[in-house]
Number of protein chains: 2
Amino acid sequence: MFIVEGHKHMADVGFARFSAREVSKRIGYSIGTLYNVFGTYDHLIIAINTRTFTLWTDYLREALGRGEEDRIRTLVEAYFGFARANRHAWMAIYDHHLPPDLEFPPEDHALRGLLTDIVVDEVRAFLPPSCHEEAARLARSLVATVHGHCMFELNGSFALMGESEGMALALARVRENLEAARANC
Amino acid sequence: MFIVEGHKHMADVGFARFSAREVSKRIGYSIGTLYNVFGTYDHLIIAINTRTFTLWTDYLREALGRGEEDRIRTLVEAYFGFARANRHAWMAIYDHHLPPDLEFPPEDHALRGLLTDIVVDEVRAFLPPSCHEEAARLARSLVATVHGHCMFELNGSFALMGESEGMALALARVRENLEAARANC
DNA sequence: AAGTGAAATTGATCATCGATCAATTAAAAA
DNA sequence: TTTTTAATTGATCGATGATCAATTTCACTT
C-alpha cells in the first residue's frame, strides 16, 4: 500500500515536492518501516513510476479496445490523454534518474516494456508483412517522437514557442513516418 | 559568476544533487548573497539553464558554420552532440519545472528562442518557398521529435528497449517528415 | 499460560537542504 | 569626518533522506 499511496502523493504534488516521510505519514506507518521495505528513496520512486506505467498501459489497452477505426490515432491520443490526466505522475517517470551505482530492477523493466509491446503490435498491424522486421525499431522511434511532443506540451515548451497543437503535430509526424515505411519495405 | 560557477556545478553533479549552498561556497560568497541576487532557487536554476541554452545555440551555429553539405544531418548530430557532451546540464533543462505561481522571465525566453530560430531557418532553407508558412510549425515539431529521441538515448529508455542507434532513428524520421512536407506544399 | 525468539515497527538522531532576515561590513555621498 | 546607502553575512528555521538501537508484535514451543 506504500506504492498506491505513494502514487497518489506523487500525483498530488509532483516529483519535486514528493516526500517519503509524507507517504509513510499518510499511510500511518513510520518512516523507518518505509525504508525497511524499499531500502532507498530511489527504489520507492521506481516502484511508484512502474505503477504509473502499468496504469498507462491499461489506459492504452482500454482505448484500443473501444474498437475505433483509426487505431494509430487512438494510440497517439491515448498517449497524450493519460499524460494530461496524470501530469505529475507521468512527468515523474522522466524526472527520476537512476544513480549510476543502481541497476534497474528486472521486474520493473518487464512491466514497463509492456507499453512498448503494445505500440510494436499496432505498428506491425498497420504495415504490410514485409515490414515486419523493421517494425520494432520504427515503433520505438515513433514512441520517442510522440514522447517528445507530449513532453513539450506538458512542460510548456510548445506554449513558449507559440504552439498549441502538440498532439496534432505528433499524429501528423507519425502518419508521415508510417507512410514512408509502407513505401520502403 | 554565480551563473558560470553554478553551471559548472550543475554539469558536475546534475539536477538532483545540485545545491545553491555549494555554488555560493565554490565562488566564495555566502548563501545569503546568492539569495539576494536570485531571490529563489528556481531563478538560479532558470539562469543556469538559460546559459546552457546559449552554449547549445553557439554549438549548433558553429557546427552549421563548418560548411557541411548535409545541413539537416549536421543539425541533428549537433543536437545530440551537445546533449551527450553536457549530459547533466542538458538534462537539467527538462528536470526543472516552474512552480505555477512563477512566470517565465521574458529575457530568458528570448535567449532560449534563438535555438528554435536556427532550426526554423534551416527547415525553411530545405523546403521550397511554397512551404514557407508551415515551416515554423514543422520545425517545432521536428525539434520535439529529435528531443524525444535524444531524451530516450540519454535517460536510458532506448537502452532498456534494446535500441542503441537513437540518433540515426531521429535523423531518419526527420528526413521522412521533410520529404513529406516537400510533397505536400 | 508462560516462555522464547524471530520479525516487524518505531522515532530520535544526523547531515544537508532551501529560505529568511537582523546584524554587520563596505562603499558612496554629504 | 560624518551620514547615508548598498552589499554581505551566517545563524536560524522547518523539512528532507537516511540510519539503527530500542521497542513492540506475534507465531510457535513447552
Side-chain angles (χ1 to χ4, degrees), chain A residues 1-52 88-89 91-105 108, chain B residues 1-52 88-89 91-105 108:
Chain A
M1 291 303 105
F2 278 107
I3 298 175
V4 171
E5 197 63 27
H7 186 269
K8 284 185 194 167
H9 181 46
M10 184 65 83
D12 285 347
V13 305
F15 185 81
R17 297 183 193 275
F18 181 87
S19 151
R21 290 181 117 92
E22 181 63 26
V23 173
S24 61
K25 188 188 296 180
R26 279 194 184 202
I27 209 176
Y29 276 85
S30 73
I31 179 65
T33 299
L34 189 152
Y35 268 82
N36 288 336
V37 173
F38 292 96
T40 70
Y41 185 77
D42 288 295
H43 281 102
L44 171 62
I45 303 293
I46 288 171
I48 289 172
N49 284 347
T50 293
R51 174 169 160 78
T52 303
H88 284 151
M91 295 272 277
I93 293 172
Y94 306 100
D95 286 337
H96 182 238
H97 312 308
L98 280 185
D101 57 306
L102 198 149
E103 58 180 315
F104 199 81
D108 293 273
Chain B
M1 289 300 106
F2 278 108
I3 298 175
V4 171
E5 196 63 29
H7 187 269
K8 284 186 196 169
H9 181 47
M10 183 67 82
D12 286 346
V13 304
F15 185 81
R17 296 183 193 274
F18 181 87
S19 151
R21 292 180 117 94
E22 180 63 25
V23 173
S24 62
K25 187 188 295 179
R26 279 194 185 203
I27 208 175
Y29 277 85
S30 74
I31 179 65
T33 300
L34 189 152
Y35 267 83
N36 287 337
V37 173
F38 292 96
T40 71
Y41 185 77
D42 288 295
H43 281 102
L44 170 62
I45 303 293
I46 289 172
I48 290 171
N49 283 347
T50 293
R51 175 169 160 79
T52 303
H88 284 150
M91 294 272 276
I93 293 172
Y94 306 100
D95 286 336
H96 182 238
H97 311 308
L98 280 185
D101 58 306
L102 198 149
E103 58 179 317
F104 199 80
D108 292 272

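None of the values given here were measured: they were computed from a predicted structure. Order of the sequence lines fixes the chain letters, A, B, ..., with proteins taken first and strands second; residue numbering starts at 1 for each chain.
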Task: For atom CZ of Phe38(B) and atom C1' of dA7(D), their distance in whole Å - done: 15 Å
- [ ] Find the distance Leu44(B):CG to dA19(C):P and express it as a whole number of Å.
- [x] 10 Å
Task: Separation of dG17(D) C1' from His43(A) NE2 (nearest whole Å) - done: 15 Å
Open item on the list: Looking at dA8(C), I'd like to know if its phosphate oxygens (OP1 or OP2) sit under 4.0 Å from a side-chain N or O belonging to Thr33(A).
Closed with: no
- [ ] Determine the contact category for Tyr41(A): base if any of its heavy atoms lies under 4.0 Å from a base atom, sugar-phosphate if only primed atoms, P, OP1 or OP2 are that close, otherwise nothing.
- [x] sugar-phosphate
Task: Dot-bracket encoding of pairs in DNA chain C, which uses [ ] for pseudoknotted crossings and | for another strand, Watson-Crick or G-U under 3.5 angstrom - done: ||||||||||||||||||||||||||||||
Task: Rounded distance (Å) that lies between atom P of dA19(C) and atom CG of Leu102(B) - done: 11 Å
Task: Sole candidate of His7(A), His88(A), Arg26(A), Arg17(A) that passes side chain to side chain donor-acceptor pair (under 3.5 Å) when paired with Asp12(A) - done: Arg26(A)
Task: Spacing between Ile45(B) atom CD1 and dA19(C) atom C1', to the nearest angstrom - done: 14 Å
- [ ] Using side-chain hydrogen bond (donor to acceptor under 3.5 Å, both in side chains) as the criterion, list what pairs up with Ser24(A), not counting sequence neighbours.
- [x] none
- [ ] Please state how far atom OH in Tyr35(A) lies from atom P in dT16(D), giving the value in whole angstrom units.
- [x] 11 Å
Task: Heavy-atom side-chain proximity of Tyr29(A) to Leu34(A) below 4.5 angstrom - done: no
TODO: Between Arg21(B) and Tyr29(B), just flag the one whose closest nucleotide in DNA chain D comes earlier from the 5' side.
DONE: Tyr29(B)
Task: Rounded distance (Å) that lies between atom P of dC17(C) and atom CG of Leu34(B) - done: 13 Å
Open item on the list: Base, sugar-phosphate or nothing for Phe18(B)? Non-hydrogen atoms, less than 4.0 Å.
Closed with: sugar-phosphate
Open item on the list: I want to check something: taking the side chain as every heavy atom from C-beta on, are Val4(B) and Arg51(B) in contact at a cut-off of under 4.5 Å?
Closed with: yes
Task: Tyr41(A) atom OH, over 12 foreign heavy atoms within 6.0 Å - done: yes
- [ ] May I have the distance from Lys25(A) (atom NZ) to dG17(D) (atom C1'), rounded to whole angstrom?
- [x] 15 Å
TODO: By nearest nucleotide on DNA chain D, pick out whichever of Glu22(A) and Gly32(A) is the more 5' one.
DONE: Glu22(A)
Open item on the list: Looking only at the side chain of Ile31(B) (C-beta and beyond, no hydrogens), which of the listed nucleotides dT9(C), dT20(C), dT19(D) gets closest?
Closed with: dT20(C)
Task: dG18(C) phosphate, OP1 or OP2, under 4.0 Å from Ser19(B) side-chain N/O - done: yes
- [ ] Would you indicate which nucleotide in dT9(C), dT8(D), dA19(C) comes nearest to any side-chain atom of Asn36(B)?
- [x] dT8(D)
Open item on the list: Please verify the inter-ring angle class for His9(A) with Phe18(A); under 30° counts as parallel, over 60° as perpendicular, anything in between as tilted.
Closed with: tilted
TODO: Can you figure out which of dT20(C), dG17(D), dT9(D) approaches the side chain of Ala20(A) most closely?
DONE: dG17(D)
Task: Close side-chain approach of Ile46(B) to His96(B), heavy-atom, < 4.5 Å - done: yes
